[in-house]
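One structure is given below, encoded as structure tokens.
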Amino acid sequence: MWALHSPHNLQSSSTSTPFYFPTRTSSRPPICSLTLNPSNPKNTGTNYNQLIQSLCKQGSLKQALQVLPHEPNPTQHTYELLILSCSLQNSLSDGLDVHRHLLDAGFDQDPFLATKLINMYSELDSIDDAREVFDKTRKRTIYVWNALFRALTLAGYGQEVLGLYRRMNQIGIPSDRFTYTYVLKACVASECLISLLHMGKEIHAHILRHGYESHVHVMTTLVDMYARFGCVSYASCVFDSMPVRNVVSWSAMIACYAKNGSPFEAFELFREMILETHDSVPNSVTMVSVLQACSALASLEQGKLIHGYILRRGLDSILPVISALVTMYARCGKLELGQLVFDRMAKRDVVSWNSLISSYGIHGFGKKSIQIFQEMIQQGLSPSHISFVSVLGACSHAGLVEEGKMLFESMVKEHRIYPSVEHYACMVDLLGRANQLDEAAKIIEDMRIEPGPKVWGSLLGSCRIHCNVELAERASRRLFELEPMNAGNYVLLTDIYAEANMWGEVKRVKKLLEARGLQKLPGRSWIEVKRKIYSFTSVEELNPQIEQLHALLLKLSNEMKEQGYVPQTKAVLYDLDAEEKERIVLGHSEKLAVAFGLINASKGETIRITKNLRLCEDCHSVTKFISKFANREILVRDVNRFHHFKDGICSCGDYW
DNA sequence: ATAGGGTTAG
């Protein structure tokens with residue numbers, strides 16, 4: 001009996017001698033022998049329970065598992081620590097082992113351990129096992145429900161969570177504050193293509209009805225949910241209604257503005273946070289969002305000020321902050337400064353590298369981007385799926401079709417990363433821009449996952465560049481189903497029809513757009529001069545210099561015509577005569593911003609402009625001309641990438 | 001009885 005249970009026996013099967021086992025060679029009796037005496041009913045192995053527990057706490061899971069068979073009565077606490085240990089060691093096989101043990105020991109209906117098991121399986125990415133634990137547990141405490149909700153949400157099964165939540169309500173099990181945070185997250189953590197915003201609003205109502213309107217965690221999650229749906233005004237309503245806010249709530253709201261095209265509001269809220277609160281001091285997370293706002297605005301001056309603040313606050317050694325700094329400098333047109341920040345990093349992770357890879361990408365340096373990607377791998381880091389999004393995007397901007405195809409193939413073959421919709425969208429973009437539209441369409445056909453709006457959108461965008469009506473109609477049909485409220489898709493299609501002179505169709509799609517209450521996003525350009533940001537649209541009337549700007553452009557246009565410039569008016573979506581179209585194109589917001597820069601920026605200073613749409617062809621060729629004629633470097637960031645105009649040429653090589 | 005949650009870089 002003793003021999004059978006002796007850890008000493010076990011010892012021989014393992015290669016090295018675990019330090020805690022008594023050795024037979026010693027003259028003293030083994031320390032554990034007393035408690036192992038089966039004739040003593042009171043000594044039911046409590047020492048082994050403690051041994052297992054302390055081994056778990058030290059992280060010696062394997063050794064704990066070796067001892068486990070010798071403990072006739074493992075306690076709930078012992079199992080709890082074992083389960084926790086399996087998660088920490090990231091070992092599914094051990095987890096399954098512990099689970100089997102626990103069932104044999106009669107803990108199969110213990111809701112406490114069921115909760116722990118679900119958490120464990122969730123962390124070990126074994127969602128089916130988590131579900132099974134839930135299904136087999138009859139006494140489901142709110143902890144058990146919440147654990148499954150959390151597990152499913154993290155795994156992207158948002159819809160399933162909402163179905164279960166419905167069931168829970170029907171059975172009459174009350175939600176608690178944790179339930180609300182999980183189900184709110186479930187609304188946005190869904191792989192499905194339809195929006196679950198309506199569910200989010202419903203849950204919002206439940207939350208108010210059950211008196212959680214002043215609960216910081218729940219309300220912050222609510223702000224974040226609306227933020228992720230892009231419902232900025234809803235998010236700010238909730239935020240304003242919060243009686244108690246902390247640094248997380250402030251950060252969530254700032255992030256909401258920064259990520260949804262409201263960078264000014266992000267700054268305003270940041271200012272308010274600093275000036276008007278005493279208990280919510282900005283932390284690294286806050287600063288990351290503020291840096292994103294600088295990036296969105298392409299405001300180098302603001303960015304530098306924020307960098308200063310970060311240094312003063314001692315937040316400059318936090319990885320996410322530095323990566324955001326790299327991106328900020330690159331997206332504000334200072335690629336060299338981004339590189340400098342990167343070079344000075346003491347430690348780098350995949351994200352830092354990704355920042356640099358995409359920075360070179362948006363500036364059009366495709367080869368350099370690939371080179372950095374490879375350097376990262378040589379340094380022993382594994383590329384993430386974002387690394388591939390970044391490097392494939394870089395290939396796309398630079399027209400590196402073959403390189404892009406090879407990288408795409410290497411994803412699964414060399415790195416075991418399975419392409420997501422985003423990667424497919426990159427490939428469709430890469431091939432489509434390079435006028436290999438049929439091959440792009442074939443990629444979509446061969447996809448093993450459902451092509452989402454991103455993929456069809458890439459195809460439609462390429463059709464716009466190469467004016468392919470037939471494919472565009474196919475892509476837009478799908479897009480109108482998938483995201484009926486995205487005005488951009490309708491506009492792209494009308495662009496294509498207009499270029500093909502199909503004015504009847506242009507009219508039809510425009511009507512469709514109006515019928516759905518949508519509006520074309522007006523083109524807007526920004527320029528920063530002497531720490532101030534000036535915004536332009538083509539219908540600009542507020543700028544006091546507007547007459548002067550129009551006059552300058554007209555003068556430039558006439559000079560250009562003498563040198564062979566022909567206005568390219570195909571961006572005009574109205575069936576007007578040539579002269580009228582020319583006038584419209586000459587009033588594009590980007591040209592106004594350039595003219596403003598020529599008049600107001602210091603001599604020799606690079607003119608930096610940001611645009612909310614893709615650069616139109618006419619603006620592109622006019623800017624090229626101006627860069628030579630006025631002997632000015634002009635940097636334009638359009639919605640996708642940078643154009644660096646100098647001496648009459650553009651860094652994109654007219655490929656964008 | 002015990003336990004668990006919200007914001008973050010590309």
Side-chain angles (χ1 to χ4, degrees), chain A residues 75-77 79-81 83-84 110-120 122 141-151 153-154 175-185 212 215-225 227-228 235 238-239 242 244-259 273 280 282-292 295 315 318-328 330-331 338 341-342 345 348-362 369 373 376 383-391 393-394 422:
Chain A
T75 61
Q76 188 198 40
H77 188 53
Y79 281 120
E80 182 195 355
L81 293 179
I83 292 168
L84 223 68
D110 183 330
F112 178 80
L113 288 179
T115 308
K116 297 289 173 188
L117 279 169
I118 293 171
N119 289 339
M120 177 193 78
S122 163
T141 60
I142 191 65
Y143 288 95
V144 178
W145 282 94
N146 288 346
L148 186 71
F149 286 174
R150 191 179 93 108
T153 300
L154 286 173
S175 304
D176 69 2
R177 54 197 198 279
F178 293 91
T179 316
Y180 289 123
T181 60
Y182 296 137
V183 291
L184 284 175
K185 275 180 162 289
Y212 285 98
H215 194 286
V216 189
H217 279 86
V218 173
M219 295 315 264
T220 305
T221 317
L222 199 50
V223 168
D224 185 57
M225 180 206 71
R228 283 173 208 267
V238 174
F239 181 78
M242 289 172 70
V244 186
R245 300 181 195 128
N246 60 20
V247 60
V248 183
S249 339
W250 284 91
S251 304
M253 194 60 225
I254 291 172
C256 170
Y257 285 132
K259 288 196 168 139
M273 181 183 182
S280 298
N283 62 13
S284 64
V285 181
T286 324
M287 296 323 293
V288 166
S289 292
V290 176
L291 284 172
Q292 281 179 340
S295 304
L315 299 169
I318 293 165
L319 274 183
V321 174
I322 311 176
S323 300
L325 272 172
V326 172
T327 305
M328 183 276 289
R331 293 186 65 89
V341 172
F342 180 86
M345 288 178 82
R348 303 181 184 111
D349 63 0
V350 198
V351 184
S352 343
W353 285 91
N354 290 349
S355 302
L356 200 65
I357 292 168
S358 73
S359 294
Y360 277 96
I362 54 169
S369 188
F373 175 83
M376 171 183 80
S384 68
H385 67 110
I386 305 279
S387 313
F388 278 102
V389 173
S390 308
V391 76
E422 273 183 288

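All chains are named by letter (A, B, ...) in the order of the sequence lines, taking the proteins before the strands, and each is independently numbered beginning at 1.
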### Task
In whole angstrom, give the distance that lies between atom CD1 of I386(A) and atom C1' of dT8(B).
14 Å

### Message
Under 4.0 Å, counting only non-hydrogen atoms across every strand here, what does H215(A) touch: a base, just sugar-phosphate, or nothing?
### Response
base

### Summary
Regarding the side chain of K185(A), the nearest nucleotide among dT7(B), dA9(B), dT2(B) is dT7(B)

### Query
Is N246(A) touching bases, backbone alone, or none of the nucleic acid, heavy atoms closer than 4.0 Å?
base

### Task
With the side chain of Q76(A) defined as its heavy atoms from C-beta on, choose the nearest nucleotide among dA1(B), dT7(B), dA9(B).
dA1(B)

### Query
Contact class for V389(A) (heavy atom, under 4.0 Å): base, sugar-phosphate, or nothing?
nothing

### Message
Classify S359(A) by what it touches in the nucleic acid, base, sugar-phosphate, or nothing, heavy-atom distance under 4.0 Å.
### Response
nothing

### Message
Nearest whole Å is fine: how far is dG6(B) C1' from F239(A) CZ?
### Response
13 Å

### Query
Contact class for R150(A) (heavy atom, under 4.0 Å): base, sugar-phosphate, or nothing?
sugar-phosphate

### Query
Got L356(A) and M376(A) here, is their nearest side-chain heavy-atom distance under 4.5 Å?
no

### Message
Counting the atoms with a prime plus P, OP1 and OP2 as sugar-phosphate, which does D176(A) contact under 4.0 Å by heavy atoms, base, sugar-phosphate, or nothing?
### Response
base

### Message
For the base of dG5(B) and the side-chain ring of Y182(A), does the geometry meet a stacking cutoff of under 5.5 Å between centres and under 30° between planes?
### Response
no

### Under the ring pair (Phe, Tyr, Trp, His ring centres under 6.0 Å) test, residues paired with F239(A) that sit two or more places apart
W250(A)

### Message
Can you tell me which nucleotide in dG6(B), dG5(B), dA9(B) comes closest to the side chain of F178(A)?
### Response
dG5(B)

### Residues forming a ring pair (Phe, Tyr, Trp, His ring centres under 6.0 Å) with F373(A), sequence neighbours excluded
F388(A)

### Query
Is R177(A) positioned over the aromatic face of Y212(A), cation under 6.0 angstrom from the ring centre and no more than 45 degrees off axis?
no

### Query
Counting any heavy atom closer than 4.0 Å, what does R228(A) reach on the DNA or RNA strands: base, sugar-phosphate only, or nothing?
sugar-phosphate

### Task
With the side chain of T181(A) defined as its heavy atoms from C-beta on, choose the nearest nucleotide among dT7(B), dG5(B), dA9(B).
dG5(B)

### Query
Which of these nucleotides, dG10(B), dT8(B), dT2(B), is closest to any side-chain atom of F112(A)?
dT2(B)

### Task
Under 4.0 Å between any heavy atoms, over every strand shown, what does V248(A) touch: base, sugar-phosphate, or nothing? Just pick one.
base

#### Entry: Pair D176(A), T179(A): side-chain N/O donor-acceptor within cut-off below 3.5 Å
yes

### Message
Can you tell me which nucleotide in dG6(B), dG5(B), dG10(B) comes closest to the side chain of S355(A)?
### Response
dG10(B)

### Query
Looking only at heavy atoms, what is the nearest atom pair of N283(A) and L315(A), with distance?
C-CD1, 4.0 Å

### Task
For V223(A), report the nucleic acid contact type (base, sugar-phosphate, nothing); a contact means any heavy atom under 4.0 Å.
nothing

### Query
Would you say a side-chain N or O of K116(A) is under 4.0 Å from OP1 or OP2 of dT2(B)?
no

### Task
Return the nearest nucleotide to the side chain of N354(A); candidates are dT7(B), dG10(B), dA3(B).
dG10(B)

### Task
For T286(A), report the nucleic acid contact type (base, sugar-phosphate, nothing); a contact means any heavy atom under 4.0 Å.
nothing

### Task
Examine the base of dG5(B) for any acceptor or donor lying under 3.5 Å from a partner atom in the side chain of T221(A), and report the outcome as yes or no.
no

### Message
Taking any heavy-atom pair under 4.0 Å as a contact, classify S358(A): base, sugar-phosphate, or nothing.
### Response
sugar-phosphate

### Message
Should W250(A) be counted as stacked on dT7(B), where stacking needs a ring-centre gap under 5.5 Å and an angle between planes under 30 degrees?
### Response
no

